[in-house]
Amino acid sequence: MNIVTVSTIVLRIASLMRRALPRALAIFIGLVPLHALSAEIAYITAKADLPFWSTVGKGVKAVAEENGYAFSELDSKLNAEMQLNNVRQAIDRHVAGIVISPTNSKSAEEALTLARRAGIPVAIADIGASGGDYVSFVKSDNYRGAYDVGAELAKAMKARNWSGAYGMVTIELSRKNGQDRTNGFRDAMKDAGFPREIVLRQMKDYSAEETYRYVKEMLAAHPMARGFFIETDQPVDGAMRAIREAGKQKQVLLVSFDAMPDVVRLLKSDALVAVGMQQPYLMGSSAAGALVSHLHGHSPAREILVPILVATSRNVDQLMPVASKTVFGKPLK
């Protein structure tokens with residue numbers, strides 16, 4: 001190698017170092033956020049084994065990958081401390097952004113604070129936060145959806161000339177979405193002339209077995225109960241079992257929020273009167289879309305409202321072509 005060639009190489013290396021060092025120094029002192037060097041979007045889910053959250057994750061994943069980002073999912077298992085550990089793990093990996101479905105609205109604040117300090121933008125998919133900084137909050141119209149579900153129960157009770165009371169098994173009322181569902185349903189029943197609410201129980205582990213115990217206890221303590229509202233999907237199986245074991249399939253009506261895969265059969269068999277179907281795939285894809293828009297320098301809407309599809313035996317066949325994708329996350333045929 002001759003002297004001219006060596007000199008040229010030295011000059012090129014020097015030039016590269018002049019360009020690279022300022023950026024490296026800027027990163028070191030915090031002027032350039034570390035997430036700007038990453039291409040991963042993390043979804044922190046409240047509980048991965050519940051169908052609703054699994055489908056939210058599918059929506060986040062689809063949009064992340066369509067836009068060239070790697071995707072990862074971290075499960076908080078309804079535990080606030082595990083949620084914080086998941087945020088820390090995402091920060092340690094220097095992800096580009098986070099979509100989070102918080103365990104509850106209050107626990108979301110600390111998670112958002114950790115991400116903000118690390119300079120990582122966050123979009124929220126459902127449940128919401130009591131405070132904190134985020135890009136967008138995507139939520140279902142829980143109040144309106146629950147109101148419409150309550151109206152369907154009241155209509156069915158009137159058709160049977162019933163005047164009895166109702167009970168509820170709710171999601172956590174520390175969550176804003178739990179408050180909205182409960183108040184929406186309660187208002188609908190009151191407006192329809194059914195003001196008597198006999199009992200309310202809040203879910204803790206969101207299992208079918210837990211709700212089975214609750215409804216069994218309710219039926220024993222309040223034998224004249226005529227209707228129950230179950231505020232999420234899998235626990236509905238427990239409510240149906242309790243009603244069936246009590247021999248009250250013809251005396252008690254059931255409505256719910258969030259749809260199970262066999263929702264068509266359940267509605268047409270009258271096991272359920274109505275289901276408020278959130279659209280979790282659409283919620284996940286909307287939250288990820290808002291996050292990607294922010295990462296590209298745009299300003300997405302601060303709040304994005306996703307409508308509820310209220311299904312009954314009368315309209316479920318018409319809703320299913322859309323619901324297969326937006327509710328259950330299945331590919332469109």
Side-chain angles (χ1 to χ4, degrees), residues 50-52 55 145-171 181-182 184-185 188-189 192 194 197-201 203 206-280 308-324 327-328 330:
L50 288 179
F52 178 85
T55 306
Y147 187 99
D148 291 343
V149 167
E152 289 293 341
L153 176 61
K155 185 189 300 183
M157 290 172 67
K158 285 181 178 179
R160 291 163 172 77
N161 294 316
W162 291 354
S163 58
Y166 68 90
M168 288 190 276
V169 181
T170 73
I171 60 177
R181 287 181 205 177
T182 301
F185 182 82
M189 295 299 286
F194 295 94
E197 179 184 320
I198 50 173
V199 65
L200 181 152
R201 297 295 297 272
M203 297 175 195
Y206 292 74
S207 67
E209 187 62 31
E210 176 187 57
T211 294
Y212 165 76
R213 293 195 306 272
Y214 286 166
V215 174
K216 184 177 181 179
E217 292 166 3
M218 290 176 179
L219 289 170
H222 304 279
M224 297 308 294
R226 286 297 200 177
F228 289 100
F229 178 38
I230 313 300
E231 289 191 357
T232 192
D233 45 22
Q234 284 184 330
V236 173
D237 288 335
M240 289 190 295
R241 179 156 66 98
I243 291 168
R244 186 169 59 249
E245 288 183 2
K248 292 199 168 187
Q249 298 97 313
K250 301 295 184 183
Q251 289 80 46
V252 175
L253 299 178
L254 192 63
V255 294
S256 71
F257 220 78
D258 296 339
M260 300 71 69
D262 55 349
V263 64
V264 176
R265 177 186 65 79
L266 292 173
L267 288 168
K268 291 190 173 183
S269 68
D270 294 329
L272 285 173
V273 170
V275 179
M277 299 195 299
Q278 293 191 86
Q279 302 186 76
I308 302 295
L309 305 177
V310 177
T312 66
S313 60
R314 304 184 306 275
N315 70 355
V316 68
D317 287 333
Q318 288 73 42
L319 291 177
M320 284 311 294
V322 170
S324 292
V327 176
F328 300 108
K330 297 178 180 179

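Rounding to the nearest 0.5 Å gives a distance of 11.5 Å between CD of Gln249 and CG of Asp270. Rounded to the nearest 0.5 angstrom, Glu231 CD and Leu200 CG are separated by 7.5 Å. Note that the CE atom of Met277 and the CG atom of Leu319 stand 5.0 Å from one another [nearest 0.5 Å]. Expressed to the nearest 0.5 Å, how far CD of Gln278 lies from CZ of Phe52 amounts to 4.0 Å. The line from CE of Met224 to CD of Gln251 is 9.5 Å long, rounded to the nearest 0.5 Å. Atom CG of Leu50 sits about 10.5 Å away from atom OG1 of Thr55, to the nearest 0.5 Å.
Remark: the backbone N or O of Val264 is not paired with any side-chain donor or acceptor of Asp317 at under 3.5 angstrom. Within the 3.5 Å criterion, the main-chain N or O of Thr312 finds a donor-acceptor partner in the side chain of Asn315. Side-chain atoms of Lys248 come within 3.5 Å of backbone N or O of Pro223 as a donor-acceptor pair.
The list of side-chain hydrogen bond (donor to acceptor under 3.5 Å, both in side chains) pairs with a residue in residues 215-225, not counting sequence neighbours, reads Arg201-Glu217.
Among all heavy-atom pairs drawn from Pro280 and Val327, the shortest one is CG-O, 3.3 Å.
Classification of the Phe229-Phe185 ring pair by plane angle, with boundaries at 30° and 60°, yields parallel.
Between Met240 and the options Leu266, Thr211, Val215, Ile230, a side-chain contact (heavy atoms from CB on, under 4.5 Å) holds for only Leu266.
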